[in-house]
Amino acid sequence: MKVTTAALPLLPFCQRLLPSFPSFPSLPDLPGIPGLPGLSSLPGLSGLTDGLAGLPGLSALSARPSLPDLPGLSGLSGLPWLSGIAALPGLTGRLTGSSLTFLKATALETAILAGHLLLYPSGIVQERRPDPWPPGTPASGPGPTPPPSPLTLPARPPVVLLHGFIDNRSVFLLLRRSLARHGGQPVVSLNHSPLAGDIRAAAELLAGYVEEICGRTGTERVDLVGHSLGGLIARYYVQRLGGDLRVRTCVTLGTPHTGTRVAPLANAHPIVRQMRPGSAVLEELARPAPGCRTRFVSFWSDLDRVMDPLEAARLDHPDLTVENVRVSGIGHLALPVHPAVATGIRQALDASGPLPKAGEGLPPGSVGGITVA
């Protein structure tokens, strides 16, 4: 059976938990996961549609009832049902503490994967690039576009979102809404081809896109948010292509900064080989980067099964201004979706001015934290 990167977080769940529940029926409702038993009694997949209100194509999930609320997910109105896992027959007394947290996180990953499979077609086409100037900017006529006046410039830099491997911009639907609602700055997404075989080439594509955004908005700098592979593309642009001149803050979500060893059979894809420990691309990123002007914030999860080891998603570099934020209780797919992480991203982008350099009050690799469950 072919296993994609998006399904990798499910494998440890199958290996560790499902053998002890032979009496559970299989789950026929999720295409592509016919052999995953034990989840048919989780009837709350309808909750995912509540958090994606107004989106076409999700009505198929609306018929399932929901279970009791899960503390910590109140901001994600569509997933209130996960706490009901503890009440499933046969689970009482078997799962406590970290095991129950792991089960909840895996169920959440399953629900997000199901919703994302439905949304995926909507993000295949490259985003139409409207003029992201704020309302009130005069429309330009034929000929060169005049630069906006200082009064019409965005109050905050535009945000560019970069998706992960074999994904597209649809993964950022909830995060994009959150940033647009609370930040007020233009938010745009760049689709890099899933068939692209080189992080360097994708970073060059990003460089051209950033220049276009700066030209259209009249701003000198942007913020970048990259999930998984998207974070490596953003970082390569900043460190190796002079992108620190354009990028104020670079946020990475579950990005394998030191490489991941998960799914060795995926090495057939060249871009996967570039995400392995010791690859030429990662060695380039480990080289000195003196005077880098960009501030980095790296969110990494203690239940991210795409990262092997988990700490691969931490960014530690002596020349970079970095804040590592540990997220407890959710997995890889939830990082660009969960409202607690979205709040952390907004706070990172709202920070006034750069963080102090190493040796000026902030030690390298300083750590914050978000606890979800």
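The first residue in the sequence is number 1, and the count goes up from there.
- Partners of S170 under the side chain to side chain contact (heavy atoms under 4.5 Å, CB included) rule, at least two apart in sequence or in another chain, are H116, L119, S122, N168.
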> Checking side chain to side chain contact (heavy atoms under 4.5 Å, CB included) for the pair R156/D350: CA distance, chi angles, key distance, verdict?
Replying inline: CA-CA 9 Å; R156 300 176 182 176; D350 287 346; 2.9 Å; yes
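- Contact check for V188 versus P158: no side-chain heavy atoms found under the 4.5 Å cut-off.
- Atom CD of E284 has more than 12 neighbouring heavy atoms from other residues, nucleotides or ligands inside a 6.0 Å radius.
- In this structure a side-chain-to-backbone donor-acceptor pair under 3.5 Å is present from R235 to L285.
- Minimum heavy-atom separation, D302 to S328: OD2-OG, 3.1 Å.
- For the pair E109 (side chain) and A334 (backbone), a donor-acceptor distance under 3.5 Å is present.
- Listed for the S178 side chain is no donor-acceptor partner under 3.5 Å among the backbone atoms of L174.
- Rounding to the nearest 0.5 Å places CD of E311 at 8.5 Å from OG1 of T258.
- Distance check: F299 CZ to I345 CD1 gives 5.5 Å after rounding to the nearest 0.5 Å.
- T255 is linked by a side chain to side chain contact (heavy atoms under 4.5 Å, CB included) to L232, T252, H257, counting only residues two or more places apart in sequence or in another chain.
- Evaluation of the side-chain hydrogen bond (donor to acceptor under 3.5 Å, both in side chains) rule for E211 yields R246 as partners, not counting sequence neighbours.
- The shortest non-hydrogen separation linking S279 to R273 is CB-O, 3.4 Å.
- Listed for the R176 side chain is a donor-acceptor partner under 3.5 Å among the backbone atoms of V187.
- Annotation: side chain of V210 is not in contact with side chain of L190 (no heavy-atom distance under 4.5 Å).
- With a 4.5 Å cut-off on side-chain heavy atoms, I330 and L303 do not count as touching.
- Contact record, R295 with A348: NH1-O, 2.8 Å, taken as the closest heavy-atom pair.
- Considering only heavy atoms from C-beta on, L229 comes within 4.5 Å of M275 through its side chain.
- With sequence neighbours left out, D244 forms a side chain to side chain contact (heavy atoms under 4.5 Å, CB included) with V238, C292, R293, T294.
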>> For a side chain to side chain contact (heavy atoms under 4.5 Å, CB included) check, start with the C-alpha distance between M307 and V262, then their side-chain angles and the critical distance, and finish with the verdict.
In response: CA-CA 7 Å; M307 296 298 111; V262 77; over 6 Å; no
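- Counting heavy atoms from C-beta on, the side chains of L335 and W300 never come closer than 4.5 Å.
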>> One pair to check against ring-ring contact (aromatic ring centres under 6.0 Å, His included): H269 and F165. What are the steps and the verdict?
In response: CA-CA 11 Å; H269 198 293; F165 181 59; 5.0 Å; yes
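- Looking only at distances, no side-chain donor or acceptor of Q274 sits under 3.5 Å from a matching main-chain atom of V281.
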>> side chain to side chain contact (heavy atoms under 4.5 Å, CB included), that's the test. Do F296 and E323 meet it? Break it down for me.
In response: CA-CA 6 Å; F296 289 86; E323 180 180 0; over 6 Å; no
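- Closest heavy-atom contact between F172 and V225: CZ-O, 4.3 Å.
- The two residues R200 and A280 have their closest heavy-atom pair at NH2-CB, 3.8 Å.
- Summarising the geometry, atom CG belonging to L108 is positioned 11.5 Å from atom NZ belonging to K104; distances are rounded to the nearest 0.5 Å.
- Note that CZ of R305 is 11.5 Å distant from OG1 of T260, once rounded to the nearest 0.5 Å.
- Separation of atoms CG (L320) and SG (C250) is listed at 9.5 Å; rounding is to 0.5 Å.
- Residue pairs meeting the ring-ring contact (aromatic ring centres under 6.0 Å, His included) criterion with at least one member in residues 220-246, sequence neighbours excluded: H227-H332.
- Rounding to the nearest 0.5 angstrom, the gap separating the CG atom in L333 from the CG atom in L253 is 12.0 Å.
- Residues forming a side chain to side chain contact (heavy atoms under 4.5 Å, CB included) with P277 (at least two apart in sequence, or on another chain): R261.
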>> Let's go through T217 and V222 carefully: what are the C-alpha distance in whole Å and the side-chain angles of both, what is the deciding distance for side chain to side chain contact (heavy atoms under 4.5 Å, CB included) to 0.1 Å, and is it a yes or a no?
In response: CA-CA 10 Å; T217 61; V222 302; over 6 Å; no
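- For the pair G259 and P309, the tightest heavy-atom approach, listed with the atom from each and the gap, is O-CD, 4.5 Å.
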